[in-house]
There are 2 protein chains.
Amino acid sequence: MATPKTASAAPPLPDLPLDDDKTVELADMFKMLGDPSRLRIVTATLAGPRAVGEIAAALGLSVSLVSHHLRLLRATRLVSAERRGKQVFYRVHDQHVARVIADMIAHVNEDAE
Amino acid sequence: MATPKTASAAPPLPDLPLDDDKTVELADMFKMLGDPSRLRIVTATLAGPRAVGEIAAALGLSVSLVSHHLRLLRATRLVSAERRGKQVFYRVHDQHVARVIADMIAHVNEDAE
DNA sequence: ATAACAATTGAATATATATTCAATTGTATG
DNA sequence: CATACAATTGAATATATATTCAATTGTTAT
């Protein structure tokens, strides 16, 4: 963020649709998926709404930890919550997230060959 | 027990092709894109091979910082390096990464509407 | 109201990591 | 060889963050 040591003329780079704000927003989403526990939690909600305790039990994580992570995921709008009685069900917020994860899985699987 | 008190027809958790090792590997890749500086660096190499100093100047980052980040990106196989004379050119390692970033950009842009 | 269940929240901590600065390696050219 | 240019590397630091534990809020039923 500070002024770099070497300052010279900046050659033109391709301008992608990414201003600084969008870049940070994008990075925040990737960061959310960049933690193994959170990635497991998100993938657990891919197939449909899941309760917090359900996710925690399935993944072998504490309910507290899962809740903490879900709060972050909700703040980044990667998942959304709906209360049904005592339980709160979480699901992926939209399809892009699912596709992104699918693409990355393809990336990892192709690397394995 | 087996039958829950509340009537919630919960299908079993989806078994994705994600064992623990793959999950960590996936998360590592997302983590690489989860830092704004690194995300800018990767997007700078999307259109073609770029030299380290070129990237640093274009993004307003120090050469040292860019090199540190490129080392991590190379270790995760998100970018690859090729030396040409004094300069070292980096490019995205394969197309999956480009598609993942494109999908996330779509995600962010749709949110803006 | 009390009890049991589900989830959130806050504090505390241990670890990870992004960035800077200085020194060093690699490369071409005088 | 020496000098300049390009990039890497290591150390040091400041900040971020993942996880745990205890306490609390919200919900349903007795």
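Remember, it's a predicted structure, so these values are computed and weren't measured experimentally.
- Across the protein-nucleic acid pair, B/Ile41 atom CD1 and D/dA7 atom P stand 13 Å apart, rounded to whole Å.
- Atom-to-atom, CD of B/Gln87 to C1' of D/dA4 comes out at 14 Å; the value is rounded to the nearest Å.
- Overall, the helix from C/dA1-D/dT30 to C/dG30-D/dC1 carries an axis bend of 20° between its ends, with five pairs at each end and the value rounded to 10°.
- In terms of phosphate contacts, A/Arg83 brings no side-chain nitrogen or oxygen within less than 4.0 Å of OP1 or OP2 of D/dG26.
- By the 4.5 Å heavy-atom criterion applied to side chains, A/Leu59 and A/Ser37 are not counted as neighbours.
- Comparing D/dA6, D/dT9, C/dC5 by their nearest atom to the side chain of A/Lys86 picks out C/dC5.
- Here the C1' atom of nucleotide C/dT8 and the CG atom of A/Leu65 are 13 Å apart, to the nearest Å.
- Taking atom CG on A/Leu61 and atom C1' on D/dT20, their separation rounds to 12 Å, with Å as the unit.
- Residue A/Ser62 is the one, among A/Ser62 and A/Gly85, whose nearest nucleotide of DNA chain D lies closer to the 5' end (criterion: closest heavy atom).
- Contact between the side-chain N/O atoms of A/Ser37 and the OP1/OP2 oxygens of D/dA18 is not found at any separation under 4.0 Å.
- Nucleic acid contact class of B/Phe89 (heavy atoms, under 4.0 Å, all strands): none.
- When distances are taken from the side chain of A/Val63 to each of D/dA6, C/dT8, D/dA18, the shortest belongs to C/dT8.
- Rounded to an integer number of Å, the gap from B/Leu70 CG to D/dA6 P is 16 Å.
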Review point. Given B/Arg40 and A/Asp20, is the salt bridge (charged side-chain N to carboxylate O under 4.0 Å, His left out) satisfied, shown in steps?
Key: CA-CA 9 Å; B/Arg40 288 191 186 97; A/Asp20 284 4; 3.7 Å; yes
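- Distance B/Arg71 CZ to C/dT17 P: 12 Å, rounded to the nearest Å.
- Side-chain contact check for A/Leu78 versus A/Val92: every heavy-atom pair is 4.5 Å or farther apart.
- Across every non-hydrogen atom of A/Ala27 and B/Leu39, the tightest pair is N-CD2, 3.7 Å.
- Applying the 4.0 Å criterion to OP1 and OP2 of C/dT8, one finds that A/Ser67 has a side-chain N or O inside that range.
- Stacking here means ring centres nearer than 5.5 Å and ring planes tilted less than 30 degrees, and by that measure B/His68 does not stack onto C/dT19.
- Using a 4.0 Å heavy-atom cutoff across all strands shown, A/His69 reaches sugar-phosphate atoms only and no base atom.
- What separates CD of B/Glu82 from P of D/dA6 is a distance of 18 Å, to the nearest Å.
- The shortest distance between side-chain heavy atoms of A/Arg91 and A/Ser80 falls below 4.5 Å.
- When the nearest nucleotides of DNA chain D are assigned to B/Ala51 and A/Asp35 by heavy-atom distance, the more 5′-ward of the two goes with B/Ala51.
- Contact between the side-chain N/O atoms of A/Tyr90 and the OP1/OP2 oxygens of C/dT8 is found at a separation under 4.0 Å.
- Looking at heavy-atom distances under 4.0 Å, B/Ser64 makes contact with a base.
- Side-chain N/O atoms of B/Lys31 include one lying less than 4.0 angstrom from OP1 or OP2 on C/dT17.
- A 4.5 Å side-chain heavy-atom check between A/Leu72 and A/Met32 finds at least one atom pair inside the cut-off.
- Of all non-hydrogen atoms in B/Val52 and B/Ser67, the two that sit nearest each other are CG1-N, 4.5 Å.
- A donor-acceptor pair under 3.5 Å is formed between the side chain of A/Arg83 and the backbone N or O of A/Lys86.
- Here the P atom of nucleotide C/dA18 and the CG atom of B/Leu39 are 13 Å apart, to the nearest Å.
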